[in-house]
Colleague: 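Below: one structure in structure tokens.
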Amino acid sequence: MTGSLLLIQENEYAERKYVNPEVSDLILRIDLQWFAAEDEGRTEDPTEYKIRKAREEGRVAKSMELNGALVLLLPVLALIAFAPSMVNNFVEMIRFFLTRATKIEITDPAIIRAFFRYFIRLVLPITATALISGVVSNLIQNGGFIFSLKPITPQFNKILPNFGKYFKRVLFSAEGMFNLAKSLVKVAVIAAAAFISIRDDIPKLISMLNTGLWNSVTFIASLAAKILIIASIFFLAISIPDYVFQRRQFMESLKMSKQEVKEEYKQMEGDPLVKGRLRQRMREILSQNMAVNVPKADVVITNPTHFAIAIQWDRQTMRAPMVTAKGQDNLALRIKSLAKENNVPIHENKALARALYAEVEIGDMIPDTYYHALAVILAKVYALDSQKAKIIKEA
């Protein structure tokens with residue numbers, strides 16, 4: 001593929017002479033494989049098994065924007081809700097340490113315990129909210145809890161970076177362009193939200209020079225909280241299309257080639273060649289055991305002279321009637337002889353006998369197409385058996 005592309009490039013630049021030959025040589029030295037489709041030939045949608053396998057390895061469609069939005073929005077709301085108690089705790093902490101600054105050594109265990117007690121009371125509400133937000137956002141996107149060590153397993157083959165693959169993914173891909181556009185929009189919206197919020201309050205900001213410290217702090221805090229809430233709501237809004245895009249990219253990354261689908265089918269269902277050999281071996285065993293299988297049959301369907309097919313149906317173990325023996329000419333005569341010796345009913349049906357002999361192998365179930373015709377035959381056989389049993393009982 002790469003050689004063909006290089007040959008085309010060489011012909012175009014050499015014959016048409018559109019560019020300088022030195023520039024042409026430089027272009028031809030570039031490995032075009034850097035920009036070739038890595039997943040060329042992966043045209044098949046991923047199977048349920050591959051999606052489930054990726055999930056078990058910790059690979060799921062995930063939007064980091066949703067994580068960031070929730071981790072920003074919920075802690076900001078918690079900060080606003082707990083701000084009065086946090087301020088009281090902070091004032092109490094300052095008062096506690098200042099009143100004991102000249103009386104107790106800083107290495108005193110009581111001072112250390114007090115510090116950690118106040119620190120936990122100040123930090124715990126926001127930290128717990130951020131932690132819960134991150135866990136909830138991941139659970140929402142993962143569809144439940146996933147435990148896998150695969151994402152953190154060291155991969156030494158990635159120590160040496162693949163620059164071609166990196167630049168292709170970052171600069172020359174839909175994902176790279178989408179992330180760039182998303183970042184630019186985020187910066188623009190945050191700047192616009194900050195400008196609009198501050199523009200209306202510029203007179204108040206100027207008047208803060210003549211007000212007390214507490215009024216200034218509360219005003220700046222409320223202004224910052226307003227900007228953070230607007231930004232986090234916007235991030236939450238753009239996380240929805242981002243999740244849709246990331247899910248699409250994730251499904252694209254899991255696409256399979258036709259050969260991969262075949263290999264997976266072999267793993268899940270077994271190699272068709274092996275299954276064919278096993279089925280052939282089972283037919284050989286059944287053919288060899290014809291003297292055992294024919295007496296167990298419910299009915300033998302004949303042509304009447306050229307074909308004979310033994311049918312057995314056990315409602316407890318079989319989902320449909322099964323061909324236990326079949327033969328042509330001399331073998332058919334042998335099957336009919338065994339059937340007569342063991343009182344197995346013989347029913348003549350030329351069309352059905354020919355069809356079953358041609359289409360159904362020994363050990364296979366009867367196809368749905370022949371259910372009706374076979375059901376009529378079995379009904380007659382069972383009716384005759386019941387009549388015989390009734391006559392024997394009366395006698």
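Since the model is a prediction, treat every value here as computed from it, not as a measurement. The first residue in the sequence is number 1, and the count goes up from there.
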Colleague: When hydrophobic residues are tied together by side-chain contacts of less than 4.5 Å, even through go-betweens, does Val71 share a cluster with Phe235?
Modeller: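 In one cluster: no.
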Colleague: Provide the closest heavy-atom pair for Ala320 versus Met365 in the form atom of the first, atom of the second, distance.
Modeller: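 Scanning both residues, the minimum pair turns out to be O-SD, 3.0 Å.
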Colleague: Do Ile229 and Ile80 touch side chain to side chain, with heavy atoms closer than 4.5 Å?
Modeller: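 Yes, at least one pair of side-chain atoms sits under 4.5 Å.
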Colleague: Under the side-chain contact (heavy atoms from CB on, under 4.5 Å) test, which residues partner Leu228, sequence neighbours left out?
Modeller: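 Applying side-chain contact (heavy atoms from CB on, under 4.5 Å) to Leu228 gives Leu72, Val76.
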Colleague: Return all side-chain donor-acceptor pairs below 3.5 angstrom for residues 113-128, not counting sequence neighbours, or 'none' if the list is empty.
Modeller:
{"residue": "Tyr118", "atom": "OH", "partner": "Glu92", "partner atom": "OE2", "Å": "3.2"}
{"residue": "Arg121", "atom": "NH2", "partner": "Asn89", "partner atom": "OD1", "Å": "2.6"}
{"residue": "Thr127", "atom": "OG1", "partner": "Val123", "partner atom": "O", "Å": "2.9"}

Colleague: With sequence neighbours left out, write down each residue that passes ring pair (Phe, Tyr, Trp, His ring centres under 6.0 Å) with Tyr357, or none if nothing qualifies.
Modeller: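 Ring pair (Phe, Tyr, Trp, His ring centres under 6.0 Å) check on Tyr357 returns Phe307.
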Colleague: Would you give the length of the straight line joining atom NZ of Lys186 to atom CZ of Phe234, rounded to the nearest 0.5 angstrom?
Modeller: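 So the gap between those two atoms works out to 8.5 Å.
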Colleague: Looking at every non-hydrogen atom in both residues, tell me the closest pair between Leu236 and Ala69 and how far apart they are.
Modeller: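 Here Leu236 and Ala69 meet closest at N-CB, 3.4 Å.
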Colleague: Output all residues satisfying side-chain hydrogen bond (donor to acceptor under 3.5 Å, both in side chains) with Lys350, sequence neighbours left out; order by chain, then residue number.
Modeller: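 side-chain hydrogen bond (donor to acceptor under 3.5 Å, both in side chains) check on Lys350 returns nothing, list empty.
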Colleague: Would you list the pairs meeting side-chain hydrogen bond (donor to acceptor under 3.5 Å, both in side chains) in which at least one residue belongs to residues 212-234, sequence neighbours left out?
Modeller: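 As it turns out, the side-chain hydrogen bond (donor to acceptor under 3.5 Å, both in side chains) pairs with a partner in residues 212-234, which skip direct neighbours, are Thr211-Ser216.
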Colleague: Filter on side-chain hydrogen bond (donor to acceptor under 3.5 Å, both in side chains), then keep only pairs touching residues 366-377, sequence neighbours left out; what's left?
Modeller: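 Qualifying pairs, neighbours excluded: Glu359-Tyr370, Asp368-Tyr371.
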Colleague: If I take atom OG1 from residue Thr302 and atom CG from residue Leu333, how far apart are they, to the nearest 0.5 angstrom?
Modeller: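 Reported value, rounded in 0.5 Å steps: 10.5 Å.
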Colleague: Taking side-chain contact (heavy atoms from CB on, under 4.5 Å) as the test, write out the residues that go with Arg334, two or more places apart.
Modeller: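 Counting only residues at least two positions away or on another chain, Arg334 forms a side-chain contact (heavy atoms from CB on, under 4.5 Å) with Met290, Leu338.
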Colleague: If I compare all heavy atoms of Glu361 with all of Val323, which pair ends up nearest, and what's the gap?
Modeller: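 Shortest heavy-atom separation between Glu361 and Val323 comes out as O-CB, 3.9 Å.
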Colleague: Check whether any side-chain heavy atom of Leu378 lies under 4.5 Å from a side-chain heavy atom of Asp298, and answer yes or no.
Modeller: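 A side-chain contact exists here, since the closest heavy-atom pair is under 4.5 Å.
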Colleague: Starting at CD of Gln249, measure out to CD of Glu252 and round the result to the nearest 0.5 Å.
Modeller: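 One gets 7.0 Å once the value is rounded to the nearest 0.5 Å.
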Colleague: Decide yes or no for Leu374 and Ile301: does some side-chain heavy atom of the first lie under 4.5 Å from some side-chain heavy atom of the second?
Modeller: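 Yes. Closest side-chain heavy atoms under 4.5 Å.
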Colleague: Could you work out, with side-chain contact (heavy atoms from CB on, under 4.5 Å) as the rule, every residue matching Lys340, not counting sequence neighbours?
Modeller: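 Counting only residues at least two positions away or on another chain, Lys340 forms a side-chain contact (heavy atoms from CB on, under 4.5 Å) with Ile346.
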Colleague: Working to the nearest 0.5 angstrom, can you tell me the gap between Arg100 CZ and Ile111 CD1?
Modeller: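 Going from the CZ atom of Arg100 to the CD1 atom of Ile111 covers 7.0 Å.
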Colleague: Tell me whether Ile366 is reachable from Ile377 by hopping between hydrophobic residues (I, L, V, M, F, W, Y) whose side-chain heavy atoms are closer than 4.5 Å.
Modeller: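 Linked, Ile377 and Ile366 end up in one cluster.
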Colleague: With a 4.5 Å cut-off on side-chain heavy-atom distances among I, L, V, M, F, W and Y, is there a chain of contacts connecting Phe90 to Phe96?
Modeller: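 Linked, Phe90 and Phe96 end up in one cluster.
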Colleague: Just to verify, what does Val244 make a side-chain contact (heavy atoms from CB on, under 4.5 Å) with, not counting sequence neighbours?
Modeller: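 For Val244, no residue satisfies side-chain contact (heavy atoms from CB on, under 4.5 Å) once neighbours in sequence are set aside.
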Colleague: Are Leu66 and Tyr243 connected in the hydrophobic side-chain network, where two residues link if heavy atoms are under 4.5 Å apart?
Modeller: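 As far as the 4.5 Å side-chain criterion goes, Tyr243 and Leu66 are not connected within one cluster.
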Colleague: Decide whether Val381 and Met318 are clustered together by the hydrophobic rule: side chain heavy atoms of Ile, Leu, Val, Met, Phe, Trp, Tyr closer than 4.5 Å, transitively.
Modeller: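 Yes: a chain of side-chain contacts under 4.5 Å links Val381 to Met318.
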Colleague: Within this structure, what is the CD-CD1 distance for the pair Glu65 and Ile238, rounded to the nearest 0.5 Å?
Modeller: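 Atom-to-atom, Glu65:CD and Ile238:CD1 are 4.5 Å apart.
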Colleague: Mind checking side-chain hydrogen bond (donor to acceptor under 3.5 Å, both in side chains) for Glu348 and listing every partner two or more places apart, or none if nothing turns up?
Modeller: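 Checked Glu348 against side-chain hydrogen bond (donor to acceptor under 3.5 Å, both in side chains); zero matches.
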Colleague: For residues Ser183 and Val187, determine if any side-chain heavy atom of one lies less than 4.5 Å from a side-chain heavy atom of the other.
Modeller: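 A side-chain contact under 4.5 Å is absent here.
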Colleague: Heavy-atom distance under 4.5 Å between the side chains of Leu79 and Met86, does that happen here?
Modeller: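 The answer is yes; the side chains approach within 4.5 Å.
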Colleague: Other residues, nucleotides and ligands only: do more than 12 of their heavy atoms fall within 6.0 Å of CZ on Arg319?
Modeller: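 No, because the 6.0 Å sphere around CZ of Arg319 holds 12 heavy atoms or fewer from other groups.
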Colleague: Evaluate the side-chain proximity of Val136 to Leu74: yes if any heavy-atom separation is below 4.5 Å, no if none is.
Modeller: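 Result no, sub-4.5 Å side-chain heavy-atom pair not found.
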Colleague: Quick one: closest heavy-atom pair of Ala310 and Ala297, and the distance?
Modeller: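 Smallest heavy-atom distance, with atoms named: CB-CB, 3.9 Å.
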Colleague: Looking at Ala231 and Ile190, what are the two nearest heavy atoms and their distance?
Modeller: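 The pair with the smallest heavy-atom distance is CB-CG1, 4.2 Å.
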Colleague: To check you understand the geometry: which heavy-atom pair defines the closest contact between Leu223 and Ile198, and what is its length?
Modeller: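 Closest approach of Leu223 to Ile198: CD2-CG1, 4.1 Å.
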Colleague: Once side-chain hydrogen bond (donor to acceptor under 3.5 Å, both in side chains) is applied, what residue pairs with a partner in residues 66-88 remain, sequence neighbours excluded?
Modeller: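 Every pair satisfying side-chain hydrogen bond (donor to acceptor under 3.5 Å, both in side chains) with a residue in residues 66-88: Asn67-Ser137, Asn67-Gln141.
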Colleague: Ile311 versus Leu356: any side-chain heavy-atom pair under 4.5 Å?
Modeller: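 Contact flag for Ile311/Leu356 side chains = yes.
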Colleague: Going by the rule side-chain hydrogen bond (donor to acceptor under 3.5 Å, both in side chains), which residues pair with Ser63 if we only count those two or more places apart in sequence or in a different chain?
Modeller: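 Asp242.
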Colleague: Assess the residue pair Gln246 and Met64 against the criterion (side chain to side chain contact (heavy atoms under 4.5 Å, CB included)); give the C-alpha distance rounded to whole Å, side-chain angles, the decisive distance to 0.1 Å, and a yes or no.
Modeller: CA-CA 9 Å; Gln246 296 298 336; Met64 299 307 296; over 6 Å; no
Colleague: Would you call Asp329 and His306 a side-chain contact if the rule is heavy atoms closer than 4.5 Å?
Modeller: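 They are in contact (side-chain heavy atoms under 4.5 Å apart), so the answer is yes.
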Colleague: How far does NZ of Lys380 sit from NE2 of His347, to the nearest 0.5 angstrom?
Modeller: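 It is 5.0 Å, given to the nearest 0.5 Å.
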